[in-house]
Visitor: 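One structure is given below, represented as structure tokens, and several questions about it will come after.
First listed ligand is number 1; within each ligand, the first listed atom is number 1.
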Amino acid sequence: MSIPSSSTIGSTVLGYPRIGPDRELKRATESYWAGRTDASALRDVAAGLRRDTWTGLRDAGLGSVPGNTFSFYDHVGDTALAVGAVPERFARVTDPLERLFAMARGRTGAPACEMTKWFDTNYHYLVPEVGPDTRLAPGSRKALDEFCEALRSGITTRPVLVGPVTFLLLSKPAGGAPAGFRPLDLLGPLVEVYRDLLAELAEAGAEWVQLDEPAFAADRTPEEVAALRRAYDRLASATRRPKILVASYFGELGPALPALAATAVEGLALDLVAGATDLDALDAGDPAVPGLDRKVVLAGVVDGRNVWRTDLDRALATAQRLVGVAGRVEVSTSCSLLHVPYDLTAETALPGDVVDMLAFARQKVTEVVLLGRALREGPDAVAAELDAARAVRERVAATARRDERVRSRLDALGPDHYRRSHGDVRATVQRAALGLPVVPTTTIGSFPQTAQIRRDRAAHRSGVIDTGTYAERMRQEIVRVVRLQEDIGLDVLVHGEPERNDMVQYFAEHLDGFATTEHGWVQSYGSRCVRPPILHSDVSRPRPITVEWARFAQSLSDALVKGMLTGPVTILAWSFVRDDQPLGDTARQVGLALRDEVGDLEAAGIRIIQVDEPALRELLPLHDRDRPAYLDWAVDAFRLAVGAVADATQIHTHLCYSEFGEVVGAIDGLDADVTTVEAARSRMEVLADLGPGVPRGLGPGVYDVHSPEVPGTDELVDQLGAALRQIGPDRLWANPDCGLKTRGEAETVAALTNLVAAARRVRDSA
Ligand code: GLN
Ligand code: ZN
């Protein structure tokens, strides 16, 4: 059965960046928060950005323009406000904008909502809180208002909302909810609220609405899939509603695909980049997925998560596989373009051969439009464009993404390159060689980044001060930080990382195979943006990176100074990574480059080297079945980086979280001599898993670095005591939860002074 073209949707994107091509929204928001401008100034900037997005997408030739993709902070928070899921503590805040900001940033007496990662991306959303008392009802009218606003500029948008099932699967039980309450229990009433919202949108003239259900790209129980089916049966049964497009992304739908296909919704958007296996299900039966032949299926063949140019021939072939299976096929991105920068043409400093590899949001829209035409009118209609794109791809294929030296070095590695002697042997050697006291004190690496350091870095970048002057200023800062630590009495010192803008970007700037952008900002959360480096070719280290800084720091003190590196998994997690080879191969290349750095640090007399892997758990695949393979290569890459050092050289690692669960085995696999983790807020609970699971040195953080409060010595003694009850004194380290770069100087000195006092007290009684 085919669908009359009047009811279809046209090629589209599932969402678009919203922070502004020049981060206009960030600046406007922060200036509003600081009280420098008022709400109407902020609203003006927002309206301008929305208008530019809508008209830009329409003029580029999309058949359907998504609406409600704008947010002042976060789209999950917006959805909570739209359905009345407002935590009790914010009920007093009546202005919708202020309410969103209060949920995001907290107020006196009303702590902020928790924030967590949006699936396996680097975007963070506000975690909704719902309980049996949550009064679900249509709340903020944002989706409707923005729909009408777009209509006034002549554009009928397709409002996008987080779907009801995903919304509840991402929610947590509100404080005070009875044990056993599950947010999904509220699905019935929530769906009624969505029916009301859809009715309002239909009334205003909306033809389509997009409901996002990415939660079904992760492993889901049959019960959850059944709930999805029920929810969309109910939504589809409404008489007054726009056509419904259910969008899933970040993986395949698996069992949720037939469930959705069986409902009466009009459209499904499939991620055919991360979820290409859904296509195989379509080939399997006759018909493989009953109901699909009555729907518009959006083939998500342009990767919304990454910055690589699309192989248009392949993408077209993929979309064509749906023809005849689906009622109608249209082209889209695999997910929202929220996760990529705006526009490649804003970059003026990227080498031409790298530019050839790339497509940012604006370029991806062009790809979607082109593929849409090719699908509708046949490839011949756009032959010239397809040929041109093919020529660029051939140019890329012929450029040196490969570095044979790196490849032959990797090929020559055997198991011994990943292995050190047994941890107990190393511990004995290190005890004699390093001469550290029981419960040694240390920090995680960075010291407060003063305004002066940031100014110096900016001045250096813009050429106002030369490299020599800059280096001299950084050395002065290192001298200051080393003296400070000596005065405080810490046992293992750090140089403080003043020369690093960011723990990943810094290494990307010094390794071959990476490019960095000038304007490639991507929203991380709220007004916070990051500029992920682009890992495009084989990785190697042309020359030592951190060695001179470490050597200099060590030369200043008789105490041991830790070398400080970022690990391979974290470098990958916070970059855009080439997709033309398995991630594990790329990780090993980074591991090998770091191995060179580790070797040079050791040769320069650095006897303790820390390799940070805060993102180890972050990159964990959404599906259980993919996890063991991921953890294998993650562990391998780390071990490759540190596997060549002598027994006497102590390897530390640092992980930024406190729930380990299934990664305990992998942390043990890293085989670091000392592992520091976040632990203060959970009061050393982590040691229940880590104590037995990682039988080497452990530094559970004794105070939370996210708070400016100075922990008292007694409190720190308590924390160390709680740790000592779980692991013996010979394995315990005393350190903060994480790096100190966002803290103020005075509070840092006070906190570390108390930390040293607490460790000494514990030491005397141990
Ligand atoms: N060494 C880094 C620092 O102290 C670690 C940061 C992190 O764990 N995210 O800043
Ligand atoms: Zn950390």
Visitor: Identify, for atom 5 (C) of ligand 1, the protein heavy atom at the shortest distance, and state residue, atom and that distance.
Guide: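 Result: Asp612 OD2, 3.4 Å.
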
Visitor: Near the Zn ion (ligand 2), which protein N/O/S atoms fall under 2.8 Å?
Guide: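 Sorted hits: His654 NE2, Cys656 SG, Cys738 SG.
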
Visitor: Around Gln452, counting heavy atoms of other residues, nucleotides and ligands shown, do more than 12 lie under 6.0 Å from its CD?
Guide: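 Correct, the count exceeds 12.
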
Visitor: Name the closest protein heavy atom to atom 10 (O) of ligand 1, giving the residue it belongs to and the distance to 0.1 Å.
Guide: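 Nearest protein contact, heavy atoms only, for atom 10 (O) of ligand 1 is Ser446 OG, 2.8 Å.
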
Visitor: Testing Glu477, Arg743, Arg457, Glu497 for side-chain hydrogen bond (donor to acceptor under 3.5 Å, both in side chains) with Gln449, which one passes?
Guide: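 Answer to the side-chain hydrogen bond (donor to acceptor under 3.5 Å, both in side chains) test with Gln449 among Glu477, Arg743, Arg457, Glu497: Arg457.
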
Visitor: If the plane angle is over 60° it's perpendicular, under 30° parallel, otherwise tilted; pick one for Phe119 and Phe250.
Guide: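 Answer is tilted, since the angle falls between 30° and 60°.
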
Visitor: Which atoms from ligand 1 have a heavy atom of Met564 less than 4.0 Å away?
Guide: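 In order of numbering, the contacting atoms are 1 (N).
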
Visitor: Hydrogens and angles aside, do Glu509 and Thr516 bring a side-chain donor and acceptor to less than 3.5 Å of each other?
Guide: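 No donor-acceptor contact under 3.5 Å links the two side chains.
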
Visitor: For ligand 1 and Cys656, I'd like to know whether there is a polar contact (N/O to N/O, distance under 3.5 Å).
Guide: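 So ligand 1 has no N or O lying under 3.5 Å from an N or O of Cys656.
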
Visitor: Which ligand 1 atoms does Gly739 reach within 4.0 Å, using its non-hydrogen atoms?
Guide: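 In order of number, 3 (C), 4 (O), 10 (O).
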
Visitor: Using only heavy-atom distances, determine whether the side chains of His124 and Thr116 contain a donor-acceptor pair under 3.5 Å.
Guide: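 Side chains of His124 and Thr116: no pair found under 3.5 Å.
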
Visitor: Can you check whether His654 has an N/O within less than 3.5 Å of an N/O in ligand 1?
Guide: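 By distance alone, the answer is yes.
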
Visitor: Is it the case that the side chains of Glu613 and Thr653 hold a donor-acceptor pair, with the cut-off being a distance below 3.5 Å and no angle test?
Guide: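 Short answer, no.
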
Visitor: Can you name the residues that form a side chain to side chain donor-acceptor pair (under 3.5 Å) with Arg426, not counting sequence neighbours?
Guide: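 Listed in chain order: Asp671, Asp673.
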
Visitor: Before accepting this row, confirm whether a basic side-chain N of the pair Glu745/Arg480 lies closer than 4.0 Å to the acidic partner's carboxylate O.
Guide: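 Looking at Arg480 together with Glu745, the answer is yes, because their closest N to O distance falls below 4.0 Å.
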
Visitor: Keeping the roles fixed (side chain from Arg731, backbone from Gly699), state whether a donor-acceptor pair exists under 3.5 Å.
Guide: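 Looks like no, no N/O pair under 3.5 Å.
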
Visitor: Could you tell me, atom by atom, which parts of ligand 1 come under 4.0 Å of a heavy atom of Gly445?
Guide: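 Taking each heavy atom of Gly445 in turn, ligand 1 has 4 (O) under 4.0 Å.
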
Visitor: Crowded around Glu486 CD? As in, over 12 foreign heavy atoms under 6.0 Å?
Guide: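 More than 12 within 6.0 Å, yes.
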
Visitor: Tell me: protein heavy atom nearest atom 6 (C) of ligand 1, and distance?
Guide: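 So the nearest neighbour among protein heavy atoms is Met503 SD, 3.5 Å.
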
